[in-house]
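When reading the values below, keep in mind they use all heavy atoms of this one structure, side chains included, and skip hydrogens, waters and symmetry mates. Throughout, protein chains are lettered first and strands after them, A, B, ... in sequence-line order, and every chain is numbered starting at 1.
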Protein chains: 2
Amino acid sequence: MTNIRDLAREAHVSVTTVSRVLNDHPYVADDKRQAVQAAIQKLGYIRNQTAVHLSTGQTHTIGVMLPFVDHPYHAAILQGIARCAFEEGYRFLTWQTNYVESHEHTVLKALAQREVDGLIIVSHSLSVDEILQYEQYGPIVFCEYHPHASSVYINHYTAFQKGLKALQSLHHTEIGICLGRPDSTNSLARKQAYQDTVSDDARPEWIYEQALTIEDGAHVARAWMNQSQRPTAILTASDHVAAGIILELREQGYRIPEDLAVIGFDGSDLAVVLNLTTVAVPYETIGRHAFSIAISDSWQQHPQTEIPTTLKNGTTASILCVK
Amino acid sequence: MTNIRDLAREAHVSVTTVSRVLNDHPYVADDKRQAVQAAIQKLGYIRNQTAVHLSTGQTHTIGVMLPFVDHPYHAAILQGIARCAFEEGYRFLTWQTNYVESHEHTVLKALAQREVDGLIIVSHSLSVDEILQYEQYGPIVFCEYHPHASSVYINHYTAFQKGLKALQSLHHTEIGICLGRPDSTNSLARKQAYQDTVSDDARPEWIYEQALTIEDGAHVARAWMNQSQRPTAILTASDHVAAGIILELREQGYRIPEDLAVIGFDGSDLAVVLNLTTVAVPYETIGRHAFSIAISDSWQQHPQTEIPTTLKNGTTASILCVK
DNA sequence: TTGTACGCGTTATCAT
DNA sequence: ATGATAACGCGTACAA
């Protein structure tokens, strides 16, 4: 493997001059520059990036920690990160943690070990404090709201409130909600929005937890059918869950939204094909913002960037479907 | 940043001994080992991976080249790669190329520059020969069939044939197909399967090209409606396209499968929620195989690994729906 | 404008 | 069992 020393010898210049040519530095005579370039051609030289990384102390790589890569929600954030990273000449490493804490530690360690210049945390199960201990090694940006950390987030409280108020404006008073992991930051905010907005009509038995997948949605539907007192509308935390509920209920002969109004969350392809009423989230934008914070110096101020959501009208809970 | 020299000084041993302790090598006395470990604790030492990479000449990182990260199809392959990589203590870098050739060159260059130990190419637009020139720098594994390269693939010819024969067994004789990028390896195989299987009934105007997204599917549906001679069944190259066709046609008052039978491809979430008849592909398995080939020595023999597909019955083209 | 010499942090070779 | 010391390949003060 030929290196810059070989080039220097071949071109009859010093390694410094070679390095200058390689990095487009000024102050190098044209004849020498050409001599170096000729040597590069002749010897088929290719720069070793690892050596650059060691020498400069930077890898130009950002790490991304997320539970799963194959969920539309996360993939869309990745999309934003990918676009931005490419534009900036950065790479990104992805770690899939499945919310396993030991795996999350692996990711944090990678930051400490200088494998990456910074970290974007899409979702996590370790405590924020524990994660922030690694901030001494480089920028850590969350895609969730955390007041004492750099975070790019959607306001799950107001987003959920938006859905709930829409249902109320359709004269629903018996409203249920679906949550994902019950103790996650997002779920807590959503539950709070539920209690504040629906207030007196809020009922614990209408809060369906651990609802994350299509399959989980079907479970929720079955639970709903078995209840003596049923909500007339359900706001979910993902389009997948909404889809599961709707499919199962239709299967059983119920009509949506007449028997049960359902609102999704995400604005994914599922919402398009099922024509779901849903809370659309610009995930790609979140990824872009998170990335640009991670590679700038602004992260040190722990900036808070809220990304707005929009309620997208469909046929599973719309004015058109209500008398 | 403390390094192994600091540790050596602190523990009163040589850097070699420190390195041995760090890498669990034998031949190091217990007292020295403990002294080193104490020094590690005291100085808060963390190993610099970049230096390890330079010294060993390996990065323990695999690069993944794909057009988009936010398509279920690619995300599922990534999932397989992610699982395998984690198990093996490897990292993976993802490059999203959008099928832009200059971007693809960037990825190949990264292999030459030793940023990654190997490359998995999910899909590409550069010629295989051009890509294979970079094989001198490390393993390159394709997730498409290429006879002279390491490849993990599904047989698009037989997979498409499977769908076509299913339609024929439902007594369809007027069959159309949707293809993605018209000149891709996959599309060519699919077109061949169409011509061979449907043979005399194959019609150029029933081959709908550039059909990749839900939106494209809607276009296909409109094209179909405008035709004087319409196929009675369409086999698509993705569930997205199938979904787009079905939604648009239902919108216009057509019935599926009575007016048009539709078969999807992928076996994605869309197929689940729309109850599509589809050709299911185990993408995660493809990712796993590709990865394990990339990190073993077997790639040098250019192994060919075919992954089987299965026809999944739904309601958009099933025996149940035909008299 | 150019070059020398050292640093980056680790592993590997070869003595002892 | 342990330790000097030379790689690995590049960037960069500092000197000239």
Side-chain angles (χ1 to χ4, degrees), chain A residues 1-37 39-40 43-61 89 109-117 137-138, chain B residues 1-37 39-40 43-61 89 109-117 137-138:
Chain A
M1 189 163 38
T2 99
N3 57 31
I4 54 171
R5 255 180 297 272
D6 299 330
L7 290 181
R9 200 175 309 123
E10 175 73 26
H12 301 294
V13 297
S14 72
V15 291
T16 311
T17 302
V18 174
S19 178
R20 288 210 179 92
V21 172
L22 251 30
N23 295 294
D24 282 323
H25 276 298
Y27 302 131
V28 38
D30 256 3
D31 55 334
K32 304 236 176 198
R33 163 167 287 127
Q34 281 166 24
V36 170
Q37 263 145 4
I40 291 176
L43 272 50
Y45 167 80
I46 296 177
R47 194 211 226 103
N48 183 321
Q49 282 296 342
T50 304
V52 176
H53 294 164
L54 176 60
S55 192
T56 61
Q58 294 213 335
T59 60
H60 271 71
T61 304
K109 231 176 283 169
L111 177 64
Q113 294 182 153
R114 322 274 155 186
E115 288 187 64
V116 293
D117 293 345
Y137 303 111
Chain B
M1 190 163 39
T2 98
N3 58 30
I4 55 172
R5 254 180 295 272
D6 300 329
L7 290 182
R9 198 175 312 121
E10 174 74 27
H12 301 293
V13 297
S14 71
V15 291
T16 311
T17 301
V18 173
S19 179
R20 288 209 180 92
V21 172
L22 251 31
N23 295 293
D24 283 323
H25 277 297
Y27 302 131
V28 38
D30 256 2
D31 55 337
K32 304 233 175 198
R33 164 167 284 124
Q34 281 167 22
V36 170
Q37 263 145 4
I40 291 176
L43 271 50
Y45 167 80
I46 296 178
R47 195 210 228 103
N48 183 323
Q49 282 296 343
T50 305
V52 176
H53 294 164
L54 176 60
S55 192
T56 60
Q58 294 213 336
T59 61
H60 270 70
T61 304
K109 230 175 286 169
L111 177 64
Q113 295 183 153
R114 323 273 155 187
E115 288 187 64
V116 293
D117 294 345
Y137 303 111

A correct 5'-to-3' footprint of nucleotides 6-16 of chain D, with B, S and - meaning base, sugar-phosphate only and no protein heavy atom under 4.0 Å, is --BBBSBB---
Is a side-chain N or O of A:T56 found less than 3.5 angstrom from the main chain of A:V52, in a donor-acceptor match?
-> yes
Say whether, by atom type as modelled, one donor and one acceptor occur between the side chain of A:N3 and the main chain of A:R5 under 3.5 angstrom.
yes
- Does any donor atom in the side chain of A:T17 or A:S14 lie under 3.5 Å from an acceptor atom in the other side chain? yes
Note: A:M1 and A:D6 closest approach over all heavy atoms is O-OD2, 4.2 Å
Between [atom2] of [N] and [atom1] of [X], the distance in whole Å:
{"X": "B:R33", "N": "D:dT2", "atom1": "CZ", "atom2": "C1'", "value": "13 Å"}
{"X": "B:L43", "N": "C:dG9", "atom1": "CG", "atom2": "P", "value": "13 Å"}
{"X": "A:R9", "N": "C:dG3", "atom1": "CZ", "atom2": "C1'", "value": "15 Å"}
{"X": "A:H53", "N": "C:dG7", "atom1": "NE2", "atom2": "P", "value": "23 Å"}
{"X": "B:L7", "N": "D:dG3", "atom1": "CG", "atom2": "P", "value": "14 Å"}

Those residues at least two apart in sequence (or on a different chain) that pass side chain to side chain contact (heavy atoms under 4.5 Å, CB included) with B:T61 are A:L93, B:T59, B:R91, B:L93, B:V116
**Q.** Working for side-chain contact (heavy atoms from CB on, under 4.5 Å), residues A:L54 and A:T50
**A.** CA-CA 6 Å; A:L54 176 60; A:T50 304; 5.8 Å; no
Q. Is the phosphate of C:dT2, meaning OP1 or OP2, less than 4.0 Å from a side-chain N or O of A:S14?
A. no
